[in-house]
Structure formats: structure tokens, C-alpha cells
Amino acid sequence: MPRLNGMRIKADAGACVAMQMKDRSKGSGSLVSQVGESLRQAILSGQYSAGDKLPSEHELTETHSVSRTVVREAVAALRSDGLVEVRQGAGIFVLGADPVLSAGKADKARVVSDLEVLEIRTPVEIEAAGLAALRRSPAQEEAIFECHRKILLCIESDHSIREADLELHAAIAEATNNPLFRQFLESQGSAIIPQSRLVPETRTAEQTAYRKLIHREHEAIVIAISDRDDQAARNAMREHLVGSQARYRNLLKDLRSFTS
């Protein structure tokens with residue numbers, strides 16, 4: 001049975017970049033870029049002003065002839081840039097084209113949104129981890145180890161772990177052998193991985209330490225799944241996602257204190 005400490009990891013600084021470029025070259029990625037750029041230009045040109053509501057998700061899929069997943073990922077990119085916020089049950093609203101004016105509001109809105117996603121993910125992924133431990137095939141186990149290895153490569157080459165993180169959670173969902181777990185994650189698109197920055201990229205040492213913390217939390221999940229220990233897998237996933245919630249709640253407190 002494979003073990004993390006026995007894996008041979010080649011510190012190839014280009015591996016993570018190549019993986020991300022490959023993903024972006026897919027058709028869905030280019031559609032996300034096209035829809036996102038179209039909406040971005042509409043906002044920057046003044047077609048939509050701060051406070052305006054964008055067309056509904058259904059209207060955007062009709063207008064651009066794309067899937068809901070493409071629209072959601074395009075909106076997630078705009079939200080990450082501080083141009084829009086998604087208000088649960090109300091729609092997508094423009095924050096403004098001036099990032100200086102909208103930064104504080106965008107940050108708080110994004111953190112709240114990240115917390116909402118983490119809260120709904122937690123019970124689903126705790127169960128997914130347990131089922132993956134019981135049901136995973138040798139090939140699925142190897143895929144989980146490979147995703148975990150990619151995260152370490154990203155850390156070692158000082159690149160974002162976001163896409164590799166998403167791949168790992170998707171691989172665990174796949175290993176449940178219940179397609180609804182994977183479908184749930186895919187329905188959220190890239191938004192399932194928090195976009196708010198807990199540590200600014202300029203603070204390199206702290207950013208690396210945070211990524212290594214995430215890697216260690218993932219490692220506990222991966223080992224438990226490999227050991228077919230469903231209870232340990234559930235506990236490790238709970239610790240990872242509940243811990244993430246706590247970190248983002250602390251960030252939200254800091255933002256509220258800063259703007260009060």
C-alpha cells in the first residue's frame with residue numbers, strides 16, 4: 001500500500017505551471033474567459049454601474065450560449081477581482097469598476113461567500129471522505145495520491161495551490177463511487193475553493209507556511225483513505241474544513257474591525 005513518506009517527489013518547478021496551462025487550454029476554460037471578459041468590459045465601459053444587478057444566471061447562459069458552470073466560473077473570476085458580489089437569493093451585483101473604491105466591500109462580500117460555500121461543503125465532504133475510504137479502488141487511491149503530490153509541487157515551486165486543491169477534493173468525491181458527490185462539487189465550479197486571501201502574496205514566508213498547513217491537513221485525509229479507515233477520514237476532513245471556516249471567520253472579523 002502506498003505511503004506519502006515513500007513517494008518519490010521530483011521538484012519540477014514547471015510541473016504545476018504546465019498543469020494549470022493545460023487546464024486553461026480546455027474549451028470550457030476559454031469559454032469562461034470569453035464570458036468573463038464580456039462582462040468585465042460591460043462593467044468597465046459603464047454599461048453596468050455600481051449597485052446595478054447583472055442579468056440572471058439563466059439569462060447569461062442564454063445570451064452567451066454556454067452552460068451554467070461556465071457562467072458561475074466567469075462570475076467567480078469577476079468576484080475575485082472585486083467587480084461583483086453574489087447575494088444569496090438576490091442575484092449578482094456590480095461593486096464598481098474602481099478597485100480602490102470597492103475593495104473593502106468586495107473583500108467582505110467575498111469572505112462571506114467563501115464561508116457560505118465552506119459551510120455547505122463540510123457535511124457533504126466529511127461523508128465523501130468516509131465513503132472514499134471504504135469504496136476507493138486502487139486506481140482511485142493512486143489518483144488521490146497524485147493530486148496530493150501536485151499540491152506539494154506547487155508549494156515547492158511557489159505557485160498557487162488552488163487548482164491542485166480543487167483536483168484533490170474532486171478525486172476524493174470520485175472515489176466515493178457515488179456520482180452525486182462529484183456532481184455537487186462540479187455544480188459549485190472553482191468557487192468551492194475559497195478565493196479570499198488569508199495571507200497577502202507579498203508575505204512570502206507566511207504564504208508558504210499557510211500552504212504547508214493545508215498540505216498537512218490534506219495528508220491526514222489522504223492517509224486515512226489509503227488505510228481504509230472511514231472514521232479517521234471523516235475526522236480529518238472535518239478538521240480541515242471546520243478549521244478553514246474558523247480561519248475565514250477570523251479574517252471576516254479583521255475586515256469588519258478595519259472598516260468600522
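Residue numbers start at 1 and run along the sequence shown. Quantities reported herein were computed from a predicted structural model and do not represent experimental measurements.
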For a 4.5 angstrom cut-off between non-hydrogen side-chain atoms, does [X] reach [Y]?
{"X": "R121", "Y": "I193", "value": "yes"}
{"X": "F184", "Y": "I192", "value": "no"}
{"X": "L213", "Y": "R247", "value": "yes"}
{"X": "T176", "Y": "E127", "value": "no"}
{"X": "L115", "Y": "L252", "value": "yes"}
{"X": "I214", "Y": "E217", "value": "yes"}
{"X": "I221", "Y": "L168", "value": "no"}
{"X": "V71", "Y": "H64", "value": "no"}

For [X] and [Y], which heavy atoms make the closest approach, and how far apart are they?
{"X": "I172", "Y": "A129", "answer": "CG2-CA, 4.1 Å"}
{"X": "D165", "Y": "H169", "answer": "OD1-CD2, 2.9 Å"}
{"X": "N177", "Y": "R135", "answer": "ND2-O, 3.2 Å"}
{"X": "V84", "Y": "V75", "answer": "CG2-O, 3.9 Å"}
{"X": "L185", "Y": "A173", "answer": "CD1-CB, 3.7 Å"}
{"X": "A133", "Y": "A224", "answer": "CB-O, 4.1 Å"}

Would you check if the side chain of [X] reaches a backbone N or O of [Y] as a donor-acceptor pair within less than 3.5 Å?
{"X": "K53", "Y": "A90", "result": "yes"}
{"X": "R228", "Y": "R136", "result": "yes"}
{"X": "S226", "Y": "V222", "result": "no"}
{"X": "S244", "Y": "H240", "result": "yes"}

State plainly whether one hydrophobic cluster holds both V35 and F93, where clusters connect Ile, Leu, Val, Met, Phe, Trp and Tyr through side-chain heavy atoms under 4.5 angstrom apart.
no
Is there a path of hydrophobic side-chain contacts, each under 4.5 Å between heavy atoms of I, L, V, M, F, W or Y residues, that connects F145 with L134?
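Unlinked, F145 and L134 end up in two clusters.
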Would you compute the distance between atom [atom1] of [X] and atom [atom2] of [Y] and round it to the nearest 0.5 angstrom?
{"X": "L39", "Y": "Q47", "atom1": "CG", "atom2": "CD", "answer": "9.0 Å"}
{"X": "E57", "Y": "I92", "atom1": "CD", "atom2": "CD1", "answer": "7.0 Å"}
{"X": "R211", "Y": "H159", "atom1": "CZ", "atom2": "NE2", "answer": "9.0 Å"}
{"X": "Q207", "Y": "I161", "atom1": "CD", "atom2": "CD1", "answer": "8.0 Å"}
{"X": "H218", "Y": "H148", "atom1": "NE2", "atom2": "NE2", "answer": "8.0 Å"}
{"X": "S33", "Y": "E73", "atom1": "OG", "atom2": "CD", "answer": "10.0 Å"}

Does a donor on one side chain and an acceptor on the other come within less than 3.5 Å for T69 and R72?
no
Under a 3.5 Å threshold, yes or no: a donor from one side chain and an acceptor from the other, between R238 and N235?
yes
Is the number of heavy atoms from other residues, nucleotides or ligands under 6.0 Å of E119 CD greater than 12?
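Counting other residues, nucleotides and ligands, CD of E119 exceeds 12 neighbours.
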Going through the checks in order, is the side chain to side chain contact (heavy atoms under 4.5 Å, CB included) test met by I225 and E141?
CA-CA 8 Å; I225 291 173; E141 178 189 23; 5.8 Å; no
With salt bridge (charged side-chain N to carboxylate O under 4.0 Å, His left out) as the criterion, how do R216 and E219 come out once you've worked through the C-alpha distance, each side chain's angles and the decisive distance to 0.1 Å?
CA-CA 5 Å; R216 288 195 299 273; E219 183 171 321; over 6 Å; no
